[in-house]
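These notes concern the structure reproduced below.
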Amino acid sequence: MQYISTRGGGEPKTYSEALLEGLATDGGLLVPAQLPTVDAVALESWRALSYPELATEVLGLFATDIPRDDLAALCAAAYSPAVFAEPVPLRPIGGGITLVGLSEGPTLAFKDMAMQFLGQALEYALERTGGVLNIVGATSGDTGSAAEHALRGKDRISVFMLSPQGRMSPFQRAQMYSLQDANVHNIAVDGVFDDCQNLVKDLAGDLDFKNAQHLGAVNSINLARITAQVVYYFWAWLRATDGLDESARRGFEVSFAVPSGNFGNILSGFFARGMGLPIRRLVLAANENNVLDEFFRTGVYRPRSAAQTLATSSPSMDISKASNLERFIFDLVDRDPQRVRAAWDDLAATGAFDFTADLGRFAEEFGIVSGTSTHADRLATIRSVHEASGTIIDPHTADGVHVAAAYIEDRVPMLVLETAKPEKFGETITEALGIALPLSDELQELLAAPQRVVEIGNDEAVLREIITSNALH
């Protein structure tokens with residue numbers, strides 16, 4: 001399996017090379033040269049597998065340069081009971097909706113599902129090459145803590161994680177800033193997530209600096225993140241169809257609703273659908289920063305400025321420039337790098353690009369529909385779900401449930417991907433339900449722990465100096 005850039009430059013890469021490179025050398029994103037396919041017979045043969053075993057099968061279609069026994073060991077370590085006590089349970093909440101429980105990992109967020117594998121795979125690849133990697137990432141809340149908890153203490157990896165000052169919940173800040181590991185560097189930027197993401201991309205685009213400082217990525221621009229997330233779409237389909245007669249399982253369609261900010265999670269579903277998983281609809285749920293919803297409803301993609309990016313009660317989705325959309329556009333333009341480059345040239349010149357001519361294809365050909373959820377919608381949804389099922393959901397998952405409701409169809413299960421545990425967003429839960437969620441002793445200690453973070457302006461030169469002074473070589 002080879003990986004190529006959406007913009008057509010550079011040589012094809014192996015999975016391990018893509019893992020270590022992050023952003024492609026020409027500024028594009030790496031994608032499979034051809035998606036692997038899974039037929040109904042293979043899918044049924046996976047039904048009895050544990051989550052680590054299923055991950056080995058699915059990731060084995062992508063990571064063809066990693067020996068199967070080694071890959072199985074990486075998956076077993078990433079998804080062990082010590083890390084995930086209960087990997088990916090499905091929980092019906094009424095109204096035809098089932099939650100896919102992705103937040104059972106160490107940071108109580110779905111990002112752990114991919115990041116724990118990424119941590120294992122990065123260490124494995126670096127040990128094979130004898131190299132080191134300095135991860136530079138940006139987070140709107142959950143990516144940063146998941147990455148840091150997966151990579152903390154690793155000898156060949158250091159982490160420089162950029163986060164927007166004052167834009168995360170107290171719990172999210174504590175999960176990151178309380179880490180005291182020498183290889184973890186938290187950098188709070190005076191700006192919004194898109195400012196942090198732009199700084200990361202600018203450094204990754206400077207190939208001399210990238211190579212000199214051995215820079216890598218763990219944001220969803222790293223293809224290994226996307227492929228690891230593909231696994232739980234297969235797992236969720238298998239669990240959703242366990243109760244069906246074998247004759248009814250073949251081709252049985254389900255829909256997935258996905259709270260979306262950077263378009264990485266739903267892109268994994270798009271890949272799973274392209275591989276042959278019977279997915280009817282991929283329902284993109286946006287918050288008030290609904291640039292993606294506008295694109296899938298109008299065909300026009302128009303990112304907003306930092307000043308126009310709102311601070312909302314689902315902060316991990318406070319993103320106006322979705323990096324992974326480029327991977328979807330690559331398929332939309334029939335994998336023509338020239339058309340991808342032209343779209344991004346238009347974006348740079350005018351602040352937008354226009355695919356209204358392809359609007360009809362979004363739902364019909366690719367299965368993608370969308371909607372927007374507001375703060376009032378989140379509060380109402382948290383209340384209604386709690387009243388109906390006794391389940392408390394976090395505000396991002398509430399966005400997913402709210403938007404999903406408009407796309408429920410008879411005899412098509414609607415699976416909403418859970419984003420995080422509600423404890424991470426206690427203030428919004430209290431506003432919605434009038435209760436304070438009890439925190440374990442461990443979580444109370446986390447919130448009270450001393451924090452270590454460097455605050456900087458939106459300043460690339462200062463960031464370069466911090467990295468140069470602290471990078472592994």
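- Nearest heavy atom pair, residue Val340 against residue Val333, reads CG2-CG2, 3.8 Å.
- With a 4.5 Å cut-off on side-chain heavy atoms, Ile279 and Glu253 do not count as touching.
- By the 6.0 Å contact criterion, CG on Asp155 is open, its count of non-hydrogen atoms from other residues, nucleotides or ligands being 12 or less.
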Ring pair (Phe, Tyr, Trp, His ring centres under 6.0 Å) between Phe353 and Tyr301, worked out: CA-CA 5 Å; Phe353 56 65; Tyr301 179 62; 5.0 Å; yes
Checking Phe328 against Phe271 for the ring pair (Phe, Tyr, Trp, His ring centres under 6.0 Å) test, could you report, in this order, the C-alpha distance in whole Å, the side-chain angles of both residues, the deciding distance, and whether it holds? CA-CA 9 Å; Phe328 170 75; Phe271 278 11; over 10 Å; no
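- Closest non-hydrogen pair, Leu19 versus Ala224, comes out as CD1-CB, 3.4 Å.
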I'd like to know whether Phe366 forms a side chain to side chain contact (heavy atoms under 4.5 Å, CB included) with Leu332, so could you lay out the CA-CA distance, the side-chain angles of the two residues, the decisive distance to 0.1 Å, and finally the verdict. CA-CA 9 Å; Phe366 301 116; Leu332 182 66; 3.6 Å; yes
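- Formation of a donor-acceptor pair under 3.5 Å by the Trp235 side chain with backbone atoms of Val230 is not found in this model.
- With sequence neighbours left out, Ser220 forms a side-chain contact (heavy atoms from CB on, under 4.5 Å) with Arg225, Ile226, Asn262, Asn324.
- Side-chain atoms of Ser268 do not come within 3.5 Å of backbone N or O of Gln229 as any donor-acceptor pair.
- Here the shortest heavy-atom pairing between Asp399 and Ser373 reads OD1-OG, 2.7 Å.
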Yes or no on salt bridge (Lys or Arg N to Asp or Glu O under 4.0 Å) for Arg304 and Asp194, after CA distance, side-chain angles and deciding distance? CA-CA 9 Å; Arg304 297 170 193 163; Asp194 292 310; over 6 Å; no
Would you sort out whether Arg302 and Glu294 count as a salt bridge (Lys or Arg N to Asp or Glu O under 4.0 Å), showing the intermediate values? CA-CA 8 Å; Arg302 193 183 306 277; Glu294 289 180 356; over 6 Å; no
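- Checked against the 6.0 Å centroid criterion, the rings of Tyr233 and Phe256 qualify as a close aromatic pair.
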Test Phe296 against Phe263 for ring pair (Phe, Tyr, Trp, His ring centres under 6.0 Å), laying out the working first. CA-CA 12 Å; Phe296 283 100; Phe263 203 73; 5.8 Å; yes
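- The side-chain heavy atoms of Ile467 and Leu203, taken from C-beta on, include a pair separated by under 4.5 Å.
- Checked against the 6.0 Å centroid criterion, the rings of Phe171 and Phe425 do not qualify as a close aromatic pair.
- Just one of Lys111, His396, Lys424, Gln175 meets the side-chain hydrogen bond (donor to acceptor under 3.5 Å, both in side chains) condition when paired with Asp142; it is Lys424.
- Listed by chain and number, the residues in a side-chain contact (heavy atoms from CB on, under 4.5 Å) with Thr98 are Leu90, Pro92, Leu415 (sequence neighbours excluded).
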Check the pair Glu365, Arg361 against salt bridge (Lys or Arg N to Asp or Glu O under 4.0 Å), reporting the backbone distance first and the verdict last. CA-CA 5 Å; Glu365 184 177 340; Arg361 300 174 63 199; 2.7 Å; yes
Please determine whether ring pair (Phe, Tyr, Trp, His ring centres under 6.0 Å) holds for the pair Tyr51 and Phe84, giving the CA-CA distance in whole Å, both sets of side-chain angles, and the decisive distance to 0.1 Å. CA-CA 10 Å; Tyr51 195 91; Phe84 294 93; 7.6 Å; no
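- Between Thr397 and Thr419, the closest heavy-atom pair is OG1-N, 2.9 Å.
- Counting heavy atoms from C-beta outward, Leu151 and Val218 have side chains that approach closer than 4.5 Å.
- For the residue pair Leu59 and Leu71, the shortest heavy atom distance occurs at C-CD2, 3.9 Å.
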